[in-house]
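Please read the structure below before turning to the comments.
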Amino acid sequence: MKRILITGATGNVGSEVIRFLMETNTVNEIIAGVRNIDKARESFKNYPKLQLANFDFENQESFDIALAGIDTVFLLRPPHISDIETYFEPLINKIKEKNVTEIVFLSVQGAELSKVIPHNKIERLITESGCDYIFLRPSYFMQNLTTTLLKDIQTKRKIVLPAGKAKFNWIDIENIGEVCAILLNQFSDFKNQSIELTGTENEDFYSVADKINQNLNSNITFQNVSPFKFYSIKKNEGLNKGLIIVMIMLHFLPRFQKPPRISDFFERVIGKKPTTLSEFIKRERNIILGKLSV
Ligand SMILES: NC(=O)c1ccc[n+]([C@@H]2O[C@H](COP(=O)([O-])OP(=O)(O)OC[C@H]3O[C@@H](n4cnc5c(N)ncnc54)[C@H](OP(=O)(O)O)[C@@H]3O)[C@@H](O)[C@H]2O)c1
């Protein structure tokens with residue numbers, strides 16, 4: 001039996017990782033590393049076997065206790081943390097010092113191609129630490145439609161991005177959680193591998209808007225804007241500057257890149273096809289439509 005610490009446990013991916021570990025009755029001890037234990041206790045009240053520990057990426061004093069007796073860490077980078085030297089270097093050093101030997105890191109597809117993106121820097125720190133690792137590199141989350149892009153969809157009936165006709169590969173976070181649970185439980189089978197995890201569809205935002213409309217009988221459009229226009233729209237809406245820049249990089253740069261590679265990892269390991277966009281849209285119908293009348 002291993003003791004596994006899950007960081008980012010209350011977020012989109014972390015909560016699915018916890019769900020799959022708990023619902024499959026893992027033999028391992030699972031500890032959710034969270035900033036607010038009371039809030040997490042409420043969120044995870046259906047999982048009595050789940051343990052909670054105080055863990056804050058931005059408070060190094062929390063590392064010692066959270067990592068005590070841990071064998072494996074599920075590590076992710078909260079989206080607002082991009083200063084890797086300040087926050088991740090001390091953490092990886094502490095992981096090593098505490099004899100944690102296994103790290104599953106939630107990276108991003110294409111992380112190996114750019115030395116400037118935070119995930120690339122974190123992957124290098126982990127490799128240099130000598131810990132065994134699995135780098136899971138998922139493609140573009142379908143759940144961006146129900147989180148970061150949702151307000152525009154609900155209030156403007158538009159998806160507004162500087163993405164042009166760039167194609168994104170769309171993956172369901174539920175599929176990521178299911179795979180992570182297997183990687184954590186069967187770490188040695190995948191040790192020291194970098195794994196791309198994708199869905200089966202490469203689609204641009206024009207066709208995603210079409211798919212939403214076909215499935216939900218709605219009238220959502222995709223509005224392509226320049227990066228400057230996007231910056232000014234989002235700044236006026238009060239969005240954090242760093243987050244706007246990340247959104248521009250994430251959606252504008254793929255216009256100059258080849259369409260993403262499609263991986264069959266999910267089907268090989270789980271034995272079923274990943275979620276399609278149409279399945280996701282129908283499943284999340286109520287969230288996507290929100291205040292929209294059909
Ligand atoms: N969006 C995409 O298409 C995409 C694709 C591939 C990879 N990724 C990567 O996926 C990662 C984001 O995953 P996600 O969507 O699951 O993130 P998320 O939903 O924003 O969740 C972030 C998690 O980190 C926790 N957290 C934030 N600051 C913390 C701190 N100082 N100390 C401890 N915990 C903290 C949050 O906890 P609280 O509840 O305390 O806030 C939350 O549990 C990013 O690294 C992103 O680059 C995203």
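What you are looking at is a predicted structure, and each value in this text was computed from that prediction instead of being measured. Note that ligands are numbered from 1 as they come in the structure, with each ligand's atoms numbered from 1 the same way.
- Considering Ala9, Gly11, Ser82 only, the shortest heavy-atom separation from atom 21 (O) of ligand 1 involves Gly11.
- Salt-bridge annotation for Lys2 and Glu102: present, with a side-chain N of the basic residue lying under 4.0 Å from a carboxylate O of the acidic one.
- With a 4.0 Å cut-off on non-hydrogen atoms, His80 touches ligand 1 through its side chain and not its backbone.
- The distance criterion of under 3.5 Å between nitrogen or oxygen atoms is not met by Pro78 with respect to ligand 1.
- Scanning Leu250, Thr7, Asn12, Thr10 for the heavy atom closest to atom 38 (P) of ligand 1 points to Thr10.
- Not a single heavy atom of Gln109 lies less than 4.0 angstrom from ligand 1.
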Exercise for review: Apply the test side chain to side chain donor-acceptor pair (under 3.5 Å) to residues Gln143 and Asp172: give CA-CA distance (whole Å), side-chain angles for both, the deciding distance (0.1 Å), then the verdict.
Suggested key: CA-CA 7 Å; Gln143 277 77 356; Asp172 180 7; 2.7 Å; yes

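- Under 4.0 Å from ligand 1, not a single heavy atom of Asn59 appears.
- At a 4.0 Å heavy-atom cut-off, ligand 1 touches His119 through the side chain alone.
- Under 4.0 angstrom from ligand 1, the non-hydrogen atoms of Ser139 all belong to its backbone.
- Salt bridge present: Arg261 and Glu112 bring a charged side-chain N and a carboxylate O closer than 4.0 Å.
- Test Leu145, Thr198, Thr275, Asn202 against Trp170 for side-chain contact (heavy atoms from CB on, under 4.5 Å) and you get one pass: Leu145.
- At least one heavy atom of Ser107 sits under 4.0 Å from some atom of ligand 1.
- In summary, Glu42 and Lys39 do not engage in a salt bridge, as defined by a charged side-chain N under 4.0 Å from a carboxylate O.
- For the 3.5 Å distance criterion, the side chains of Asn54 and Ser62 fail to qualify, holding no donor opposite an acceptor.
- Note: Phe57 and Phe88 have tilted aromatic rings, judged against thresholds of 30 and 60 degrees for the angle between ring planes.
- When the heavy atoms of Phe141, Phe105, Tyr87 are ranked by distance to atom 8 (N) of ligand 1, first place goes to Phe141.
- In this structure, Asn144 is part of the shell of residues with a heavy atom less than 4.0 angstrom from ligand 1.
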